[in-house]
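Have a look at the structure below, then the notes.
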Amino acid sequence: MLAGLILSFVHAGAQQEAQTSAPNPYLKGTQGYDKGPRGLTSYQAIAIDQPFAARMAHDVPAKPAIERAHQALLEARYDLGDHPAKGVTMERGKPLQEGVRVKLPPGVTWEQLAAMSPDAIRERGQWPKGFLPLPHPFHPAGGFVFPKQEIDAIKRQDGRD
């Protein structure tokens, strides 16, 4: 009886293995699918819906407008002016900026904000937007955003951009 029970489990296990679908490529380890250390990546595949040249032909002319919109967002949230602190510099002489850079909602002072409870700030929508996460400047394209100065520096150092 025990032997029959064991054989039925072995037979059921063999049937389940035959019914499995194709291996998940994101679980591929160094020795093959589902073997070895964790897979090559935990990210899902990128859906490429058009050739790179078509994407670039669309995105390059749109870049100035995207940059203007993002700069407007930054200017609405922060004081981006040059306000160097007297007698204080960074390592190579660049002046440190002084003062609070986050802009408050119109008609609100830091003292009024400090006197409010968290619930009151939330209910009135008085939380300074400068403390909220910044959105990606061009989320549909995603990826990293590098300032032109960094791209130029990488090109000078490594010959790539």
Side-chain angles (χ1 to χ4, degrees), residues 21-30 32-161:
S21 61
N24 183 340
Y26 298 104
L27 298 178
K28 184 176 181 183
T30 54
Y33 291 106
D34 297 318
K35 297 177 185 168
R38 174 105 194 245
L40 302 173
T41 179
S42 61
Y43 295 101
Q44 293 191 1
I46 297 170
I48 299 174
D49 58 353
Q50 58 185 309
F52 177 78
R55 167 69 69 182
M56 189 168 171
H58 175 266
D59 290 352
V60 168
K63 184 177 179 180
I66 292 166
E67 287 177 335
R68 278 192 303 275
H70 195 68
Q71 185 67 28
L73 174 76
L74 293 174
E75 290 170 358
R77 289 185 177 196
Y78 309 102
D79 173 7
L80 301 176
D82 185 21
H83 308 290
K86 290 184 170 88
V88 183
T89 61
M90 290 186 227
E91 183 177 332
R92 295 185 181 161
K94 182 178 178 183
L96 283 172
Q97 300 294 307
E98 71 178 354
V100 177
R101 295 312 180 110
V102 173
K103 290 184 177 178
L104 292 172
V108 177
T109 65
W110 287 107
E111 290 75 19
Q112 291 170 335
L113 198 63
M116 294 172 143
S117 71
D119 290 333
I121 294 171
R122 188 177 304 112
E123 288 168 9
R124 297 178 189 166
Q126 299 295 311
W127 185 251
K129 297 215 183 311
F131 292 126
L132 298 175
L134 281 171
H136 191 287
F138 187 47
H139 196 75
F144 289 102
V145 178
F146 297 101
K148 181 164 179 13
Q149 304 94 305
E150 187 170 345
I151 293 169
D152 293 343
I154 291 170
K155 186 154 183 100
R156 278 192 311 274
Q157 293 169 8
D158 298 347
R160 59 188 172 91
D161 61 16

Exercise for review: Please check if the side chain of Tyr78 supplies one atom and the backbone of Lys103 the other of a donor-acceptor pair under 3.5 Å.
Suggested key: no
Study note, to complete from the structure: So NZ of Lys63 and CE of Met56: to nearest 0.5 Å the spacing works out to 9.5 Å
**Study point:** Where Pro128 and Pro105 come nearest, the two heavy atoms and their spacing
**Key:** CA-CD, 4.3 Å
Point to revise | His136 side, atom NE2; Ile66 side, atom CD1 - distance, nearest 0.5 Å | key: 10.0 Å
Check your understanding: How far does CG of Leu80 sit from CG of Leu74, to the nearest 0.5 angstrom?
Key -> 6.0 Å
Exercise for review: Could I get the full list of side-chain hydrogen bond (donor to acceptor under 3.5 Å, both in side chains) partners for Lys148, not counting sequence neighbours?
Suggested key: Asp152
Check your understanding: When rounded to the nearest 0.5 angstrom, what is the spacing between CZ in Arg124 and CE in Met116?
Key -> 4.0 Å
Study note, to complete from the structure: Correct closest heavy-atom pair for Leu134 and Arg77 would be CD2-NH1, 3.4 Å
Review point. Between the main-chain N or O of Asp79 and the side-chain N or O of Arg101, is there a donor-acceptor pair closer than 3.5 Å?
Key: yes
Review point. What heavy-atom pair brings Leu104 and Trp110 nearest, and what distance separates the two atoms?
Key: CD1-N, 3.5 Å
Point to revise | Student check: side-chain heavy atoms of Leu73 and Pro135 closer than 4.5 Å | key: yes
Point to revise | Donor-acceptor contact below 3.5 Å, side chain Gln112 vs main chain Thr109 | key: yes
Check your understanding: Is His58 atom NE2 crowded by more than 12 heavy atoms from other residues, nucleotides or ligands, each under 6.0 Å away?
Key -> no
Point to revise | Test ring pair (Phe, Tyr, Trp, His ring centres under 6.0 Å) applied to Trp127 - qualifying residues, sequence neighbours left out | key: Phe131
Check your understanding: Is there a side-chain contact between Thr89 and Lys94, using heavy atoms and a 4.5 Å cut-off?
Key -> no
Exercise for review: Start with the C-alpha distance between Gln71 and Glu75, add both sets of side-chain angles, then the distance that settles side-chain hydrogen bond (donor to acceptor under 3.5 Å, both in side chains), and finish with yes or no.
Suggested key: CA-CA 6 Å; Gln71 185 67 28; Glu75 290 170 358; 3.2 Å; yes
Review point. Any side-chain heavy atom of Arg55 within less than 4.5 Å of one from Pro51?
Key: no
